[in-house]
Amino acid sequence: MSNIRNKITVVGGGSWATANVKMLADNTTDKEIFWWMRNEQAVEHIHKFGHNPNYLSSVEIKVPSQNISTDLKSLISACDFLLLNVPAAFLKEALEGVTADDLKDKYIVSAIKGIVPDENLIIGEFLNQHYGIPFSHILVLSGPCHAEEVALEKLSYLTIASPDTALAARFAAMLNTRYIKTIVSDDIYGTEYGAVLKNVYAIASGICHGVGYGDNFQSVLISNAIRELERFVDTVHPIDRDIKESAYLGDLLVTAYSQFSRNRTFGNMIGKGYTVKSAQLEMNMIAEGYYAVNCLHQVNKQHNVEMPICEAVYSILYKKSSPVFEMRKLAEKLS
């Protein structure tokens, strides 16, 4: 690993990608940062004014203009670490034209908290199966951490997972700042699935709030959610893990309760009677849990894990079942 240079390309133009760019730039480790986004107008705006016009626009972008581009292949060739940060539903589109040869010998960091639709694969599996990336070259970046609080430089924690914990520690060292602390893990399956599931549970939390349940019920919902999450990840990838760690329980709590949680916001709108389409249009942001719950429903057909919260959210979003009816039915199953 001694021959790895610290050259990192961030892929994506949203709030979490912008927050990742900020963390990397504020960290003092010697490195070179590149940034790809699809939106040419946004790239031109950043070149001129040093801010992302669409997301976290208060953040000063400290990346040289020549390193920010819409040409993904050239930025991939320039880097050693490729930090993927687009919604899972658009990952294939973002990587269109990129080949396995382009990604050969790269270290791929997934900051995506979703499952690739149609494939029903978490990001690590997708990269391994479609691009031949060995799991030892895959890292997962997870919370609990909201982009909006990174922009405000509020103390936050990140978990970096890889089967190669020395590699995870090396990447973690490029993110530490006075407001970011990092935790290293070897559990890429658990952290990826945990990040996917917590978005679904945050939608459930929002739906409950939208239909009128209070804090007492929310606490029972989330205590059941962490047990449901544990059942699932222990079935899919049974290793010795502590579900109370920040990457699992911490990430679930912040996503289920925070004002910045887009999945909770989306669920709240559904609970208040919005259609999926109208909620998506009004938010103008991607709620990963919407896509994830459909993928999880398909994946769980193989495992048959008891997942009443996920099934309730799936019924509401994909079977157009009544939120009030589904939450009343769910309430009878919680303990």
Side-chain angles (χ1 to χ4, degrees), residues 14-16 19 55-56 87-89 111-115 142-152 154 156-157 193-229 232 246-297 307-318 321-324 326-328 330-331 334:
S15 55
W16 190 222
Y55 300 94
L56 301 189
I112 301 169
K113 296 166 181 176
I115 299 181
S142 65
C145 190
H146 276 130
E148 292 81 0
E149 291 203 349
V150 172
L152 296 168
K154 290 187 177 290
S156 304
Y157 291 69
Y193 270 120
V196 170
L197 282 158
K198 55 95 180 182
N199 284 333
V200 176
Y201 300 137
I203 290 177
S205 178
I207 291 171
C208 290
H209 184 266
V211 299
Y213 287 90
D215 292 346
N216 293 341
F217 181 78
Q218 293 273 335
S219 66
V220 174
L221 176 76
I222 299 309
S223 71
N224 278 264
I226 194 63
R227 284 175 270 158
E228 185 170 306
L229 189 156
F232 184 79
S246 297
Y248 316 103
L249 179 58
D251 207 5
L252 170 62
L253 290 173
V254 76
T255 312
Y257 287 112
S258 174
Q259 61 175 323
F260 296 125
S261 170
R262 62 188 71 173
N263 287 281
R264 180 188 163 90
T265 300
F266 176 75
N268 189 39
M269 294 167 80
I270 297 297
K272 288 182 181 299
Y274 282 71
T275 64
V276 166
K277 198 73 181 167
S278 59
Q280 288 172 326
L281 285 169
E282 184 152 326
M283 283 178 63
N284 195 29
M285 296 176 91
I286 297 294
E288 285 274 25
Y290 168 70
Y291 300 99
V293 74
N294 184 36
C295 298
L296 286 162
H297 178 76
M307 302 183 78
I309 303 173
C310 279
E311 284 308 307
V313 174
Y314 175 79
S315 293
I316 292 165
L317 297 182
Y318 286 89
S321 188
S322 156
V324 172
E326 286 296 335
M327 287 302 137
R328 195 177 295 144
L330 177 64
L334 302 183

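Residue indices begin at 1 and follow the sequence shown. We use all heavy atoms of the structure for the numbers below, so side chains are in, but hydrogens, waters and symmetry mates are not.
With sequence neighbours left out, E282 forms a side-chain contact (heavy atoms from CB on, under 4.5 Å) with M269, Y274. Listed by chain and number, the residues in a side chain to side chain donor-acceptor pair (under 3.5 Å) with S321 are E326 (sequence neighbours excluded). By the side chain to side chain donor-acceptor pair (under 3.5 Å) test, S205 is found to be paired with Q218, R264, residues two or more places apart in sequence or in another chain being considered. Legend: residues meeting ring-ring contact (aromatic ring centres under 6.0 Å, His included) with Y201, ordered by chain and number and at least two apart, are absent. In terms of the salt bridge (charged side-chain N to carboxylate O under 4.0 Å, His left out) criterion, residue partners of K198 (sequence neighbours excluded) are, by chain and number, D251. Residues satisfying the ring-ring contact (aromatic ring centres under 6.0 Å, His included) test with H297, not counting sequence neighbours, are Y314. Shown here are the side chain to side chain donor-acceptor pair (under 3.5 Å) partners of S315, two or more places apart in sequence or in another chain: there are none. With sequence neighbours left out, E311 forms a salt bridge (charged side-chain N to carboxylate O under 4.0 Å, His left out) with no residue at all. Residues satisfying the side-chain contact (heavy atoms from CB on, under 4.5 Å) criterion with T275, sequence neighbours excluded, are K277, S278. With sequence neighbours left out, L330 forms a side-chain contact (heavy atoms from CB on, under 4.5 Å) with L221, P308, I309, A312, M327, L334. For V150, the side-chain contact (heavy atoms from CB on, under 4.5 Å) partners two or more places apart in sequence, or in a different chain, are W16, A19, K22, M23, C145, Y179, I180.
Nearest approach of V200 to A292, heavy atoms of both residues: CG2-CB, 4.2 Å. Annotation for I222 and A256: closest pair CD1-CB, 3.6 Å, computed over non-hydrogen atoms. The two residues A247 and S142 come nearest to each other via the heavy atoms CB-OG, 4.0 Å. In plain terms, the two heavy atoms of G14 and Y55 that are nearest each other are CA-CD1, 3.6 Å. The minimum heavy-atom distance between L317 and V293, with the atom names listed, is CD1-CG1, 4.1 Å.
Side chains of K113 and T255 form no contact here, defined as non-hydrogen atoms less than 4.5 Å apart. In this structure, F232 and V196 have side chains that are not in contact, with every pair of non-hydrogen atoms separated by 4.5 Å or more. By the 4.5 Å heavy-atom criterion applied to side chains, I316 and I207 are counted as neighbours. Looking at heavy atoms from C-beta onward, I270 lies out of side-chain contact with I203 at the 4.5 angstrom threshold. Between N199 and Y290 there is no side-chain heavy-atom pair separated by less than 4.5 Å.
Counting heavy-atom neighbours within 6.0 Å of F217 CZ, excluding the residue itself, gives a total above 12.
Of the inter-residue distances, the one linking K154 atom NZ with E148 atom CD reads 12.5 Å to the nearest 0.5 angstrom. Here the CG-CG distance, from L229 to L252, works out to 7.0 Å after rounding to the nearest 0.5 Å.
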Exercise. Please lay out, stage by stage, how Y318 and V313 fare under the test side chain to side chain contact (heavy atoms under 4.5 Å, CB included).
Key: CA-CA 8 Å; Y318 286 89; V313 174; over 6 Å; no

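The aromatic rings of F260 and H146 sit perpendicular to each other, their planes meeting at more than 60°, with 30° as the lower class boundary.
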Distance-only donor-acceptor pairs under 3.5 Å for side chains of residues 208-215, two or more places apart:
unit_1: H209; atom_1: ND1; unit_2: N268; atom_2: OD1; d: 3.1

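In this structure, the ring of Y248 has its center no less than 6.0 angstrom from the ring center of Y193.
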